[in-house]
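Everything numeric in this text was worked out from a predicted model, so none of it was measured. Side chains included, hydrogens not; waters and symmetry mates left out as well; all remaining heavy atoms used.
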Amino acid sequence: QVQLVESGGGLVQPGGSLRLSCAASGDTSDVTFIGWFRQAPGKEREGVSSIRKSGGERFYADYVGGRFTISRDNAKNTFYLQMNSLKPEDTALYYCGADKGRWPLGPRSLHPSEYYYWGQGTQVTVSS
């Protein structure tokens, strides 16, 4: 089993920044990729960004527009999402997901169905 714990959410003004963390524990040795997702009230969960644990390939949703950066610290089993220039429409519950399967190429890596393990989420609210 793999446990994922997100942290770093909070209330921020438009244009501000937050860094989310996803700490993985348990049987993480064969985790192959991690993704960040978000879900706003009344909306489906959508992919934000993904990263391959080895090799570091990354993929971002189009709406990120260069504002977010995903990174990893394999030694700490922790993954990050640096979010800059936040907008009110970025308000959502942010989740990290993990899987041990083959790295899904490109946009497929942002599909929630590709992920087996999930954290409980951390709330991000962008408001003045």
Side-chain angles (χ1 to χ4, degrees):
Q1 286 293 325
V2 175
Q3 293 80 43
L4 302 173
V5 179
E6 303 94 338
S7 62
L11 173 64
V12 64
Q13 291 186 343
S17 298
L18 284 173
R19 188 177 81 155
L20 306 184
S21 299
C22 172
S25 62
D27 185 20
T28 62
S29 60
D30 48 353
V31 166
T32 50
F33 58 96
I34 292 282
W36 282 100
F37 296 79
R38 68 187 191 184
Q39 188 165 15
K43 295 188 177 181
E44 293 187 352
R45 189 171 299 191
E46 63 178 358
V48 178
S49 182
S50 57
I51 187 167
R52 189 176 185 179
K53 187 178 177 182
S54 65
E57 290 98 318
R58 295 165 171 83
F59 196 81
Y60 296 93
D62 289 343
Y63 63 79
V64 168
R67 299 180 296 130
F68 298 174
T69 302
I70 192 171
S71 61
R72 75 201 196 283
D73 184 335
N74 287 342
K76 295 182 178 179
N77 270 331
T78 301
F79 301 81
Y80 305 96
L81 184 69
Q82 177 67 43
M83 305 189 296
N84 299 327
S85 302
L86 283 163
K87 305 174 182 179
E89 51 263 44
D90 294 318
T91 295
L93 189 61
Y94 282 71
Y95 299 88
C96 64
D99 202 84
K100 299 183 177 182
R102 178 180 293 182
W103 164 249
L105 297 176
R108 190 69 198 170
S109 67
L110 296 184
H111 284 212
S113 62
E114 295 289 339
Y115 295 77
Y116 185 80
Y117 303 100
W118 292 94
Q120 294 299 307
T122 184
Q123 178 68 38
V124 172
T125 302
V126 185
S127 176
S128 55

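- Linking ILVMFWY side-chain heavy atoms closer than 4.5 Å, directly or via other members, places F33 and L110 in two distinct hydrophobic clusters.
- Rounded to the nearest 0.5 angstrom, T125 OG1 and Q13 CD are separated by 13.0 Å.
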Open item on the list: Would S7 and T122 count as a side-chain contact (heavy atoms from CB on, under 4.5 Å) here? Give the steps.
Closed with: CA-CA 6 Å; S7 62; T122 184; 5.5 Å; no

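- A donor and an acceptor atom, one from each side chain of R108 and S113, are located under 3.5 Å apart.
- Under a hydrophobic-cluster definition in which Ile, Leu, Val, Met, Phe, Trp and Tyr are linked whenever side-chain heavy atoms come within less than 4.5 Å, directly or via other members, F79 and V48 are assigned to the same cluster.
- For the atom pair K100 NZ and T32 OG1, the distance stands at 9.5 Å (nearest 0.5 Å).
- Residue D73 qualifies as enclosed at atom CG: its count of foreign heavy atoms under 6.0 Å is above 12.
- Residue L81 is grouped with residue L4 when hydrophobic side chains (ILVMFWY) are merged at heavy-atom distances under 4.5 angstrom, including chains of intermediate members.
- Aromatic ring centroids of F68 and W36 lie 6.0 Å or more apart.
- I34 and Y116 fall within the same hydrophobic cluster, where Ile, Leu, Val, Met, Phe, Trp and Tyr residues are linked whenever their side-chain heavy atoms come under 4.5 Å apart, directly or through other members.
- Remark: R19 qualifies as a cation-pi partner of Y80 under the 6.0 Å distance and 45° angle criteria applied to the six-membered ring.
- Note: T91 OG1 to Q123 CD = 7.5 Å, rounded to the nearest 0.5 Å.
- Between R52 and F59 the shortest side-chain heavy-atom distance does not fall below 4.5 Å.
- The only member of E46, E44, E6 that meets salt bridge (Lys or Arg N to Asp or Glu O under 4.0 Å) when paired with R38 is E46.
- One hydrophobic cluster, built from ILVMFWY side chains closer than 4.5 Å, holds both Y63 and V126.
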Open item on the list: Checking K53 against N77 for the side-chain contact (heavy atoms from CB on, under 4.5 Å) test, could you report, in this order, the C-alpha distance in whole Å, the side-chain angles of both residues, the deciding distance, and whether it holds?
Closed with: CA-CA 10 Å; K53 187 178 177 182; N77 270 331; 4.0 Å; yes

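- Expressed to the nearest 0.5 Å, how far CD of Q82 lies from CG of L20 amounts to 8.5 Å.
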